[in-house]
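Numbers restart at 1 for each chain; the letters A, B, ... are given by sequence-line order, proteins then strands. Note: hydrogens, waters and symmetry copies are ignored here, and every other heavy atom, side chains too, is used.
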2 protein chains.
Amino acid sequence: MTPPPIKVTCSNCNLRELCMPTGLNEQQLHRIDDIVATRRKIKRGSTLFRNGEDFTALYAIRTGFFKTCVATEDGRDQVTGFQMAGEIIGLDGIVHDHHTCDTVALEDAEVCVMPFDRLEELSREVTALQSHVHKVMSREIVREHGVMLLLGSMRAEERLAAFVLNLVQRLHTRGFSSSELVLRMTREEIGSYLGLKLETVSRTFSKFVEEGLVEVKQRHVRILDTEGLKRIVNSQHACE
Amino acid sequence: MTPPPIKVTCSNCNLRELCMPTGLNEQQLHRIDDIVATRRKIKRGSTLFRNGEDFTALYAIRTGFFKTCVATEDGRDQVTGFQMAGEIIGLDGIVHDHHTCDTVALEDAEVCVMPFDRLEELSREVTALQSHVHKVMSREIVREHGVMLLLGSMRAEERLAAFVLNLVQRLHTRGFSSSELVLRMTREEIGSYLGLKLETVSRTFSKFVEEGLVEVKQRHVRILDTEGLKRIVNSQHACE
DNA sequence: CGGCGGATTGAGGTCACTCAACACAAGTGG
DNA sequence: CCACTTGTGTTGAGTGACCTCAATCCGCCG
């Protein structure tokens, strides 16, 4: 069965700079430790929460990789984001006290459970925490603006280039290579996120390979020409 | 004989239910009046704030109609939303202390300026306000999920139908007709929001007219068959 | 080894785009 | 009052990017 919940502290977590406010004093840091009630492990393929479930907590990803997706009544669904270590998920649930999207682990994962009532309580007392919560939500809004721009005005090549660059950049800030990455999601999931069909994603990858921009072996991607990818992203009609 | 000037406050504002928390007691209500520092009038066509400007306040729309848009370096831009009375704008600015999008008045407008530091201060003391701020931000995140779904997986007719239904529904909750509306934006702005070209928007409107779903005379739209529009939105091709 | 999910590639179709002409309303100045 | 402009909206013809359908391939795992 599940092992007994392990008491963990933010104050000694190496992801602290990613998911918690910085510049706290000793006492504030210890108070923040109380926010994380438990950790929870999620097996690859299973959900952290589903559309319709009660909202009780935000989750900070400790390890692993997630996708979030929304669905229409008629069954279509749309991946709204991919999340990795240090990122916060569950913000969608605040407004109606239940979640409006599914969050699925794309590899075995572990999250810190932060009960939202406790988070609100403490952020009334610790200004830095309050500010942090606001910034986390605002960041998500800005991120989604970027996705809307991508979906609304870019062509396939631009979307995929932007996607790869974004992923590798985020991985880089987490200490990984800035030129190599392993995709944790299928072509279909990439396509759903980018508003493309999986075949188009595949073809576009192949085109990048032909042009010498990347090497692709299944889910392993090596970027050969970062600047070339950037040029694709911000030039509506690549003139070469 | 002009009536004595009535000080406009949140506590006697008829939009209170839309932009402020409900269920406050007398004392809390008066404290909230202090949030609104000033009001600001914005002429049609001019901006409330621009990408890059310092973030200092959120704005509650009292009257008028806005669009927000983001832009790429190479000049393309994307309308990320249309906002009307009672809605809150400026949330994008919180994360980096400066705004990352433009907000333009599509008709003469007036907003309540709510300095964000004061809002944070008061929401540390008034729980209902804190909760409200969180919900406003979460609502924006959920709204954007919906737009991503629209941009990522719907065809032109579905997008436009969803757009019109959304607009008229929001107008209806503000006391306007649920079957008639005046578009405050151009076809091009609608297209930018929906990820379509203006010609496609125009053609799709014409198609709706042919099918007897709506009447369109320039920017005046009368909905003849709400159910028909809804059917277009969630069952265009429900085969998967 | 065979089966299976995921990825690639090809051929053909279609929806939305591009380019272009025209319509229409409101405003401006003669 | 009209001619002219300007901004906006409509419509048509042709094109192209992406989709659909289908076959095949690859890596993984029992």
Can you find a donor-acceptor N/O pair under 3.5 angstrom joining the side chain of A:Glu157 to the base of D:dC18?
-> no

Looking for any heavy atom pair under 4.0 Å, which part of the strands does A:Leu198 touch: base, sugar-phosphate only, or nothing?
-> base

Between C:dA16, D:dT10, C:dG6, which nucleotide gets closest to the side-chain atoms of A:Arg219?
-> C:dG6

Distance-minimising heavy-atom pair for A:Asp92 and B:Ser138 = O-OG, 3.4 Å

Which one, D:dC19, C:dG6, C:dT18, comes nearest to the side chain of A:Arg203?
-> D:dC19

What is the ring orientation for A:His99 with A:Phe49, classed by angle as parallel under 30°, tilted 30 to 60°, or perpendicular over 60°?
-> parallel

Rounded to the nearest angstrom, tell me the gap between atom NE2 in A:His220 and atom P in C:dA7.
-> 15 Å

Within this structure, what is the CZ-to-C1' distance between B:Phe205 and C:dA16, rounded to whole angstrom?
-> 17 Å

Within the structure shown, what part of the strands sits under 4.0 Å from B:Thr186 by heavy-atom distance: base, sugar-phosphate, or nothing?
-> sugar-phosphate

Is B:Gly191 touching bases, backbone alone, or none of the nucleic acid, heavy atoms closer than 4.0 Å?
-> nothing

Figure out the CZ/P separation between A:Arg159 and D:dC18, and round it to whole Å.
-> 7 Å

Salt bridge between B:Arg187 and B:Glu199, side-chain N to carboxylate O under 4.0 Å?
-> no

Short side-chain N/O contact from B:Thr200 to OP1 or OP2 of C:dC15, under 4.0 Å | no

Report the residue (A:Gln218 or B:Ser202) whose heavy-atom-nearest nucleotide on DNA chain D is the more 5′ of the two.
-> B:Ser202

Going by the angle between their ring planes, with limits at 30° and 60°, are A:Phe205 and A:Phe208 parallel, tilted or perpendicular?
-> perpendicular

Would you mind reading off the distance between B:Arg44 atom CZ and D:dG7 atom C1', rounded to a whole angstrom?
-> 10 Å

Could you list the residues that satisfy side chain to side chain donor-acceptor pair (under 3.5 Å) with A:Ser177, not counting sequence neighbours?
-> A:Ser179

Could you tell me whether B:Glu210 and B:Lys207 have a side-chain N and a carboxylate O separated by less than 4.0 Å?
-> no

Distance in angstrom units between B:Leu150 CG and C:dA16 P, rounded | 12 Å

Degree of bending in the helix from C:dC1-D:dG30 to C:dG30-D:dC1 once both end axes are built from five pairs, to 10° | 20°

What integer distance in Å separates B:Glu215:CD from D:dT10:C1'?
-> 17 Å

Does the gap between the ring centers of A:Phe66 and A:Phe82 come in under 6.0 Å?
-> no

Grab the CD-P distance between A:Glu199 and C:dG13 for me, whole Å please.
-> 17 Å

Any side-chain heavy atom of B:Thr72 sitting closer than 4.5 Å to one from A:Val233?
-> no

Closest to side chain of B:Lys197, choosing from D:dC21, C:dT18, D:dT10 = C:dT18

Selection from D:dC18, C:dT8, C:dA16 that lies nearest to any side-chain heavy atom of A:Arg155 | D:dC18

Upstream residue (5' side of DNA chain D) when A:Ala156 and B:Arg187 are each assigned their closest nucleotide | B:Arg187

Nearest-angstrom distance from the residue atom CD of A:Glu189 to C1' of C:dA7 | 13 Å

